[in-house]
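Written below as structure tokens is the structure these notes are about.
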Amino acid sequence: MSKIADKLKRVRDNINAACSRASRDPAEIKLVVVTKSVEIDEIQEVIRLGCRDLGENRVQQLKKVAAQVDEFMAKGSADPNPSGPVNWHMIGHLQRNKVKQVLPIISMVHSVDTLRLAEEINTESATLNICPMALLQVNTSMEPQKFGVPVGAAIHLAEQIATLPNLKLAGLMTMAPLTRDSQVIRDCFVRARELFIEMRGEGIVGREFNDLSMGMSSDYEIAVEEGATILRIGSAIFSR
Ligand SMILES: *Cc1c(COP(=O)(O)O)cnc(C)c1O
């Protein structure tokens with residue numbers, strides 16, 4: 001097995017183990033493979049290994065890599081594992097003036113954290129006649145420099161975003177702080193899950209509000225235990 005295949009298998013094994021600890025079905029969890037700063041041949045390899053959800057956090061890089069992947073897919077090079085087209089996820093902070101460039105590429109934006117950004121996505125999506133999925137990024141770590149709407153303002157913002165017709169509000173995204181203290185990380189994920197459940201329960205959001213995007217290479221097992229439905233993992237798969 002190649003190094004990447006080996007690492008990917010280890011990640012999937014760990015997800016399965018976390019699922020059994022939490023009595024969850026691994027089929028409810030989507031792995032977004034984060035390809036930032038990864039060479040194209042390594043990206044081709046994860047595609048051949050069956051990964052169809054890829055994530056980037058910068059617009060320029062997303063455009064470049066998505067074009068390379070398109071070319072690869074058009075050649076039919078992903079065979080013999082034809083599990084459908086690649087879905088791109090924009091996972092990093094998105095400036096309003098870049099929205100127009102990412103919309104034709106992505107299927108989901110994980111990082112919506114202001115009404116102005118949501119409105120821009122809505123307007124540009126109407127022009128393109130599309131309705132992309134968007135997650136509300138919530139700042140559960142209370143760190144002032146982090147992106148994301150504060151937990152206390154999230155419901156109000158979700159209510160406003162939910163009225164926009166050309167954007168599907170599909171759930172929440174959060175990032176835990178960089179720390180070795182797993183309780184601090186868990187607390188963030190629990191806060192996100194509680195907010196997610198509260199929003200669904202109050203009927204503020206629609207039936208498409210199903211996803212909880214949380215967990216990266218260093219904390220995805222905790223995220224699975226706390227209810228994540230989307231994991232965003234890069235270095236655990238690619239780093240040497
Ligand atoms: C880079 C990045 C990830 C993946 O991080 P790894 O530690 O490499 O798994 C996940 N989410 C966001 C928003 C990122 O920018």
Side-chain angles (χ1 to χ4, degrees), residues 3-15 18 29-40 42-43 45-46 49 51-66 86-95 98-99 102 105-114 117 121 132-141 143 145-149 170-182 184-186 188-189 191-193 196 211-240:
K3 258 197 161 145
I4 289 176
D6 192 29
K7 289 188 164 195
L8 184 62
K9 182 181 180 303
R10 204 168 312 157
V11 167
R12 285 189 170 136
D13 287 348
N14 290 341
I15 293 170
I29 296 173
K30 178 179 285 178
L31 173 60
V32 172
V33 176
V34 178
T35 56
K36 67 187 180 204
S37 69
V38 172
E39 299 296 327
I40 183 66
E42 297 177 295
I43 299 174
E45 182 165 2
V46 291
L49 290 166
C51 299
R52 286 297 182 275
D53 286 279
L54 305 181
E56 279 286 342
N57 69 334
R58 286 172 187 273
V59 174
Q60 283 317 312
Q61 191 65 15
L62 171 69
K63 284 170 65 179
K64 183 179 140 206
V65 176
V86 164
N87 304 308
W88 281 103
H89 297 250
M90 176 61 195
I91 62 173
H93 179 63
L94 180 56
Q95 290 171 302
K98 305 262 173 78
V99 163
V102 305
I105 303 171
I106 53 93
S107 60
M108 183 181 261
V109 181
H110 290 230
S111 45
V112 176
D113 60 355
T114 63
L117 174 59
I121 294 171
M133 287 187 281
L135 304 180
L136 186 62
Q137 182 174 354
V138 183
N139 180 351
T140 52
S141 68
E143 291 177 307
Q145 75 279 15
K146 281 269 175 70
F147 294 115
V149 61
L172 300 180
M173 182 273 233
T174 202
M175 289 172 84
L178 270 180
T179 169
R180 286 174 179 277
D181 186 340
S182 60
V184 169
I185 294 168
R186 193 177 295 277
C188 286
F189 293 159
R191 244 172 247 134
R193 182 191 61 221
F196 178 71
D211 279 314
L212 195 46
S213 169
M214 56 188 195
M216 312 181 10
S217 292
S218 54
D219 55 22
Y220 66 91
E221 294 165 270
I222 302 173
V224 168
E225 290 168 8
E226 299 303 341
T229 67
I230 301 180
L231 309 173
R232 310 176 310 270
I233 300 182
S235 50
I237 296 168
F238 294 113
S239 74
R240 283 145 255 261

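Atoms within each ligand, like the ligands themselves, are counted from 1 in listed order.
Taking Thr114 as the reference, nothing meets the side-chain hydrogen bond (donor to acceptor under 3.5 Å, both in side chains) condition, with sequence neighbours excluded. In this structure, Arg58 has no salt bridge (charged side-chain N to carboxylate O under 4.0 Å, His left out) partners at least two apart in sequence or on a different chain. Thr179 meets the side chain to side chain contact (heavy atoms under 4.5 Å, CB included) test with Pro177, Asp181, Val184, Ile185; sequence neighbours excluded.
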Can you produce the list of protein nitrogen or oxygen atoms under 3.5 Å from a nitrogen or oxygen of ligand 1, alongside each distance?
| residue | atom | partner | partner atom | Å |
| --- | --- | --- | --- | --- |
| ligand 1 | 7 (O) | Ser235 | OG | 3.4 |
| ligand 1 | 8 (O) | Ser235 | N | 2.8 |
| ligand 1 | 8 (O) | Ser235 | OG | 3.0 |
| ligand 1 | 9 (O) | Ser217 | N | 3.0 |
| ligand 1 | 9 (O) | Ser217 | OG | 2.4 |
| ligand 1 | 9 (O) | Gly234 | N | 2.8 |
| ligand 1 | 11 (N) | Arg232 | NE | 2.9 |
| ligand 1 | 15 (O) | Lys36 | NZ | 2.8 |

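Contact between Leu231 and Met214 at its shortest, heavy atoms only, is CD2-O, 3.3 Å.
Under the 4.5 Å side-chain criterion, counting only non-hydrogen atoms from C-beta, Val32 is not in contact with Leu54.
Paired with Leu135 under the rule side-chain contact (heavy atoms from CB on, under 4.5 Å), one option of Thr174, Leu212, Asp211 passes, and it is Asp211.
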